[in-house]
Every structure is written in C-alpha cells, then in structure tokens.
Amino acid sequence: TSPVDLEDAIRVPLKMFAGLPELGISNGEDLKETLTNCTEPLKAIDQFQMENGILLPTLQSALPFLDLHGTPRLEFHQSVFDELREKLMERVATIAEGKDEDRYVKLEELLEKSFPLVKMPSIQPIVMQVLKHLPKVPEKKLKQVMADKELYKVCAVEVKRQIWQDNQALFGDEVSPLLKQYIVEKEAALFSSDLSILHNFFSPSPKTRRQGEVVLKLTQMIGKNVKLYDMVLQFLRTLFLRTRNVHYCTLRAELLMSLHDLDISEICSVDPCHKFSWCLDACIREKFVDAKRARELQGFLDGVKKGQEQVLGDLSMILCDPFACNTLVLSTVRNLQELLSQDALPRDSPELLLLLRMLSLGQGAWDMIDSQVFKEPRMDLEVVTRFLPAMMSIVVDDYTFTVEQKLPSEEKTSLTYPTTLPETFSRYIQENRVACEIGLYYVLHIAKQRNKNALQRLLFTLVDTYNDMAFGDIFLHLLTGHLTLLSDEFGSEEFCTAVFDNFLLTSFSSKENVHRHCLRLLNHLHQKVLVSYMETLMKTLEPPKQSSESLKELYTLLKEKLEASKKSPPEPEEAPSLDLGLHPVTVPSTPSTPTTPL
C-alpha cells in the first residue's frame with residue numbers, strides 16, 4: 001500500500017459516509033476507530049480497502065499501475081462512482097418509462113435501499129431521481145422530505161406536487177410570491193413610459209402573454225394535478241374578492257389556456273369553462289367577436305343546466321378579464337357602427353344583445369362570487385332602448401357637422417358644433433357599469449379618429465362616471481396612448497383645458513394614479529404643449545411630500561426634459577424630401593440659360 005492511499009484515507013470527509021451503517025457498510029467513524037486502535041496503520045488501511053473497495057478480482061492487480069502514474073485512488077474511485085451513478089440514473093428513467101407491471105415495485109425497492117443515503121451529496125441525485133419517477137411516493141418518505149428544508153428545496157417538482165396536494169398552506173406559500181409578481185408586472189405595464197396606440201397594454205397576443213414567467217411556472221407546478229389546479233383557482237377567487245383586482249381574472253383565463261396549449265386533458269376535460277374559454281380566446285386574438293363565435297359563446301351560456309349554475313361564477317370571472325372585456329366592447333362599438341350604416345336599431349341586433357349579456361355577466365363577477373348567488377344579472381333593457389340610441393345620436397351630430405363643413409359656402413347653414421350631450425347618455429354612464437364601459441370605449445374610438453371637436457364635447461362628462469371607471473388605470477392607459485394621435489392639438493389652450501382642466505386635473509389630487517398618468521402623458525408630449533400652459537401644469541402637478549417615489553421620479557424626469565429643451569430647443573421638423581434620386585445635371589452656360597443644377 002502506498003503512502004498516497006493513507007493520504008487519501010485521511011482526506012475523505014467523514015460526513016460523506018453518513019447513512020452507510022444502516023446499510024451495513026463501514027463509514028468514516030469505523031475507519032477512524034480502526035486507525036486509532038491499530039498498531040500497523042498501513043495494514044489496517046489495506047484491509048479496509050479490500051473489504052470496502054470494488055469487488056472485482058482482476059482490478060486488484062491493475063491498481064498498482066495507477067500508483068506508478070501518481071493517480072490517487074480517490075480520483076480513480078470517484079470517476080468510477082460518477083460513471084456508475086449516471087448509468088443508474090438512466091436505468092431508473094428507463095424502468096419508469098417502461099411498460100413492466102412491476103416497474104414501480106422495483107423503484108420502491110431501490111428507494112428503500114438508497115433513501116438512508118439521501119443526505120450524502122454524491123448519492124442524493126439517485127434518490128431524487130427515484131422519487132421523481134414514482135407516481136405515489138410512500139407517505140413516510142414524503143413527510144421526511146417535507147420536514148427537511150434542504151431536501152424539500154432540491155426535490156423535483158413531481159415530488160413537490162405530491163406534498164402540496166395534501167398541504168394547502170405550504171402550496172399557498174409557494175404560489176403567493178408568483179401571484180404578487182404577476183400583479184406587479186401587469187400594473188407596471190399600465191404605467192409604462194412608452195405611450196403608443198400601436199403598442200399598448202392589450203397589444204400582446206394571448207399566446208404571447210401565456211409565455212410569461214408566472215404563467216409558465218404555475219403551469220409547471222400544477223402539472224396534471226387537478227387538486228392543485230383547483231387550489232390555484234380558489235386562491236385567485238379569494239384574492240379577487242379581497243382586492244377587486246381584475247388581473248386575477250386574466251390569470252385565471254391564461255392558466256386554463258396554458259394547460260390547453262400543453263394538451264393537459266386531465267384538467268381541461270374537467271374544467272366546465274374550457275370550451276367557452278377556448279372560443280373566447282380566439283375572439284381575443286382577433287379583437288372581435290364574429291357571428292359564428294358569437295353563436296358558440298351563446299350556446300355555452302344557454303347550456304348551463306339547472307344544478308350547475310355555480311359554473312357561472314367562473315364564466316363571469318373569465319369575462320371580467322380586461323382582455324375579454326376589451327374585445328367585447330370593441331366588438332360592441334363596431335356593431336353599433338354597422339347598425340348606423342344600415343339605419344337599424346340596437347334592439348334589432350342579436351349579436352349586440354349577446355355582447356351586452358356577456359359584458360353584464362363579466363361586470364357582475366365580483367358581486368356574484370361574493371354573494372354566492374349564481375344567476376346571470378338581469379340586463380337593463382334601457383341600455384339598449386335609450387342609452388345606445390343616445391350615443392348613436394352623438395355620432396349622427398358629429399357626422400352632420402362634418403358633412404356641413406364640406407358643403408360649398410353658399411349651401412352652408414349657421415350650424416355650430418354641439419357642445420352639450422343628451423341627458424340620457426350622461427345619466428347612464430354615471431349609473432350603469434355596462435353603459436359606462438361602452439361610453440368610455442366610444443371616447444377612445446373618437447380619439448383614434450383624431451376627432452378633436454367630439455373629444456372636447458365628451459371629456460367633461462367623464463368626470464362623473466360609474467364607480468369612477470374613467471379614472472381607472474386601464475382606461476387612462478389607453479386614453480393617454482390615443483391622445484398621442486392628437487399631439488399637435490396640445491398647442492391650443494382650448495384643447496389643453498378640455499383634457500386637463502375639464503377632466504384629468506379634477507381628481508389628480510385625490511387619486512395618485514391619475515397624477516401619474518398626467519405625468520406620463522406630459523413626459524411624452526411636453527414639447528407640443530403651449531409653453532405658458534406647461535408652466536402652470538408644472539406648478540399644479542408638483543408631487544406632495546407624502547407621494548410615492550415613482551410619482552416623484554416621473555415629475556423629476558419631466559422637469560429635466562423641460563430644462564434640457566430650454567437649453568437646446570427642438571429643431572423644426574423638416575418637410576418630407578421630394579428627392580427622386582436623380583443626379584443633378586449641369587446645363588452649359590449661355591446668356592439665356594441658368595447655371596443652377598437641376
């Protein structure tokens with residue numbers, strides 16, 4: 001035995017042998033005791049190696065060659081061990097994926113033999129591999145893993161699912177940070193510094209949104225486990241009730257469709273909302289509910305049987321998703337435009353009535369889940385017979401004025417643009433949430449058309465809306481983006497007054513989110529705003545001391561931009577070049593011809 005062996009024996013950490021005595025194998029303590037009590041340490045080490053080394057007779061004669069090459073025995077044994085470990089882990093996976101009826105019995109036997117060594121870093125991967133491939137880990141082993149933080153941390157998600165399904169509190173602790181992260185990401189998107197009508201909160205497709213970190217992690221955590229899926233849905237319902245935050249409704253829909261993408265039939269087949277969500281998801285992707293899909297959606301709603309009304313709670317939550325609501329209201333506005341062109345009334349359109357029915361169900365989600373009374377809210381028919389005709393009359397007013405302006409001067413009348421609104425329109429956006437939602441999207445529609453007159457006419461009435469919906473983050477995010485299309489109008493004091501004084505500034509002092517959206521808009525358009533008006537706005541919008549850091553940062557950023565623009569005023573925009581790419585040709589100079597290049 002070479003001195004190298006003695007060095008190796010001393011270097012091996014004793015903790016590496018933890019758990020070996022249970023298997024009848026000598027460990028570090030045995031080696032320590034042997035070396036302490038023996039009179040000839042080299043012989044004792046030689047004996048220990050013979051008893052505990054690789055039991056292969058032909059190997060013993062080859063080992064001295066390694067000594068001659070200065071290769072430590074530890075290095076050799078470690079390389080053999082690593083190779084065997086990889087082979088064993090591959091074999092475990094092969095057994096689990098096979099079709100033998102007793103495959104899980106074999107794995108359980110291997111688990112019994114290897115589990116005592118689960119604390120050994122070198123053996124732990126094998127134990128975890130066996131646990132991962134067992135569809136039902138023995139309860140005793142699960143409890144041991146759960147009780148040990150280190151083991152719980154390193155075990156595969158397949159093992160954790162078995163722990164979570166009987167430990168809702170532990171699962172809640174794992175899910176909670178992800179749900180918080182999801183809400184933070186959604187709110188950050190609404191306050192994005194990028195103002196654009198083309199790239200806004202609703203721009204990403206449903207499939208793109210489902211690739212988000214939180215949705216992917218939750219999908220992986222749930223796997224095919226129906227019990228865990230139900231737990232997550234219960235968490236989302238509880239948080240939605242507690243906070244009224246509609247982003248939890250978005251996550252509920254995204255989670256189901258993420259499992260649908262992965263073809264997890266074990267869950268999709270038992271969720272009664274699956275086919276409804278699938279159809280609605282296609283509508284959200286197109287940002288429109290066409291006639292065919294409208295019939296499908298109506299079939300799902302009409303198909304809710306007696307005794308199964310509880311499914312309306314989940315359907316209402318899916319319809320409360322802002323992305324679903326956005327699609328439904330855009331489709332409603334488009335439907336109203338078609339009715340105008342056909343000289344038809346809202347009550348004569350079954351597609352429109354269905355859209356209003358779904359909007360009403362979605363808007364009533366919180367009340368339904370809170371009261372546990374699972375019944376479709378009765379739609380106010382006057383929304384159809386009075387509010388929508390009043391809104392259509394505003395469109396007609398605007399169209400009449402536009403046509404009047406295009407007439408020859410001798411045919412024009414003394415028609416002026418109306419400044420008041422029908423009393424029915426104003427009353428309904430104050431008292432009815434479905435009417436209010438439609439009214440707000442009509443304002444966005446007007447802004448998208450760059451219709452300054454109609455926008456100025458409508459903005460002041462938004463000061464008083466149902467549940468202050470006009471001052472919600474989603475609407476203000478969209479409105480600020482749409483106002484970028486009218487950026488040149490901010491050079492007019494009349495337009496600035498309509499946007500700021502008559503609307504935004506009426507509540508900014510009591511609602512910090514409105515304050516932030518004002519600053520977002522000005523950070524984007526400050527060079528377009530009338531200078532004297534901008535100075536007044538800066539004094540008005542200065543954040544109070546108790547305001548949040550994000551608000552103060554926005555104000556500071558705007559202040560810096562204004563100071564920078566004073567030092568270097570923006571260059572005037574050049575007219576578009578009419579260069580046709582022709583090279584200048586010099587004409588020979590004569591008394592009657594110019595010498596300027598063409």
Side-chain angles (χ1 to χ4, degrees), residues 177 179-197 199-203 213-214 242-247 322 440 447 459 462-463 465 467-484 486-487 489-491 493 495-570:
L179 302 185
K180 287 177 185 174
Q181 180 186 338
Y182 184 85
I183 298 301
V184 168
E185 287 172 0
K186 289 292 180 191
E187 290 176 350
L190 288 172
F191 287 103
S192 166
S193 57
D194 182 23
L195 267 68
S196 167
I197 193 170
H199 303 288
N200 60 37
F201 183 74
F202 294 112
S203 296
E213 181 187 1
V214 172
R242 190 182 299 164
T243 64
R244 290 182 181 262
N245 194 319
V246 291
H247 299 312
L440 293 178
L459 277 175
L462 301 187
V463 172
T465 53
N467 204 24
D468 275 345
M469 285 170 68
F471 295 116
D473 289 327
I474 292 174
F475 175 69
L476 289 177
H477 168 88
L478 294 174
L479 180 65
T480 50
H482 282 62
L483 285 173
T484 59
L486 290 150
S487 57
E489 302 296 341
F490 282 90
E493 187 168 352
F495 189 72
C496 287
T497 300
V499 173
F500 292 103
D501 293 353
N502 294 349
F503 176 48
L504 292 173
L505 296 184
T506 59
S507 70
F508 86 99
S509 58
S510 59
K511 298 179 185 295
E512 187 174 292
N513 71 308
V514 180
H515 199 157
R516 285 179 70 181
H517 284 293
C518 284
L519 292 172
R520 283 178 64 242
L521 181 62
L522 290 171
N523 264 294
H524 190 80
L525 296 173
H526 63 90
Q527 293 180 337
K528 301 285 187 178
V529 179
L530 199 65
V531 175
S532 57
Y533 196 85
M534 190 70 204
E535 290 172 357
T536 306
L537 280 175
M538 288 302 289
K539 291 175 184 174
T540 306
L541 293 171
E542 185 171 359
K545 289 181 180 179
Q546 68 273 21
S547 57
S548 67
E549 286 303 314
S550 53
L551 181 65
K552 290 175 182 175
E553 286 170 11
L554 267 177
Y555 183 80
T556 304
L557 179 62
L558 177 58
K559 202 171 180 181
E560 289 170 356
K561 284 183 177 180
L562 289 172
E563 288 171 0
S565 63
K566 284 177 185 176
K567 293 175 183 175
S568 54

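Nothing fancy with the numbering, it's 1 onward along the sequence.
L195 contributes atom CG, which lies 7.0 Å from atom CG of L525 (distance to the nearest 0.5 angstrom). Taking CG from L440 and CG from L479, the interatomic distance works out to 9.5 Å, rounded to the nearest 0.5 Å. For the atom pair CD1 of I183 and NZ of K180, the computed distance is 11.5 Å after rounding to the nearest 0.5 Å. The CD atom of E185 lies 6.5 Å from the CD atom of E213; values are rounded to the nearest 0.5 Å. One distance of note links CZ of F202 with CD1 of I474; it measures 5.0 Å at 0.5 Å rounding. Here the straight-line distance linking atom OG of S193 with atom CG of L519 works out to 13.0 Å at 0.5 Å rounding.
S548 and E512 share a donor-acceptor pair across their side chains, judged by distance under 3.5 Å alone.
Checking side-chain atoms of Y533 against main-chain N and O of G491 turns up no donor-acceptor pair under 3.5 Å. Looking at S192, its side chain never comes within 3.5 Å of a backbone N or O of A189 through a donor-acceptor pair. Put simply, the side chain of T465 gets close to the backbone of M469: a donor and an acceptor are under 3.5 Å apart. Formation of a donor-acceptor pair under 3.5 Å by the K552 side chain with backbone atoms of P543 is not found in this model. Side-chain atoms of T536 come within 3.5 Å of backbone atoms of S532 as a donor-acceptor pair (strictly under, hydrogens ignored). N523 places a side-chain N or O within donor-acceptor distance of the main-chain N or O of L554, the cut-off being under 3.5 Å. Between the side chain of H477 and the backbone N or O of D473, no donor-acceptor pair lies under 3.5 Å.
Of all heavy-atom pairs spanning L562 and S565, the tightest one is O-OG, 2.8 Å. Closest approach of F508 and H515 over heavy atoms only: CD1-ND1, 3.7 Å. Nearest approach of D194 to R520, heavy atoms of both residues: O-NH2, 4.5 Å. Here the closest heavy-atom approach between residue V514 and residue S507 is recorded as CG2-OG, 3.7 Å.
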Candidate pair L541 and L505, rule side-chain contact (heavy atoms from CB on, under 4.5 Å), full reasoning:
CA-CA 9 Å; L541 293 171; L505 296 184; 3.8 Å; yes
With side-chain contact (heavy atoms from CB on, under 4.5 Å) as the test, would you mind laying out the steps for F500 and F490 before giving the verdict?
CA-CA 10 Å; F500 292 103; F490 282 90; 3.8 Å; yes
Starting from the C-alpha separation in whole Å, work towards a yes-or-no answer on side-chain contact (heavy atoms from CB on, under 4.5 Å) for V463 and N502.
CA-CA 8 Å; V463 172; N502 294 349; over 6 Å; no
What's the verdict on side-chain contact (heavy atoms from CB on, under 4.5 Å) for L504 and L476, showing C-alpha distance, side-chain angles and the deciding distance?
CA-CA 9 Å; L504 292 173; L476 289 177; 3.8 Å; yes
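For F471 and F503, the gap between ring centers is short of 6.0 Å.
Between H247 and F201, the ring planes lie tilted relative to each other; the angle falls in the 30° to 60° range.
Side-chain atoms of F495 and L530, non-hydrogen and from C-beta on, never get closer than 4.5 Å to each other. D468 has its side chain within reach of K511: a pair of non-hydrogen atoms, C-beta onward, lies under 4.5 Å apart. The closest side-chain heavy-atom distance from H517 to F191 is below 4.5 Å. Contact of the M534 side chain with the L558 side chain is registered, since non-hydrogen atoms from C-beta on lie closer than 4.5 Å. Residues H524 and L483 form no side-chain contact, since every pair of their non-hydrogen atoms from C-beta on lies 4.5 Å or further apart.
Heavy atoms from other residues, nucleotides or ligands lying under 6.0 Å from CD of E493 number 12 at most.
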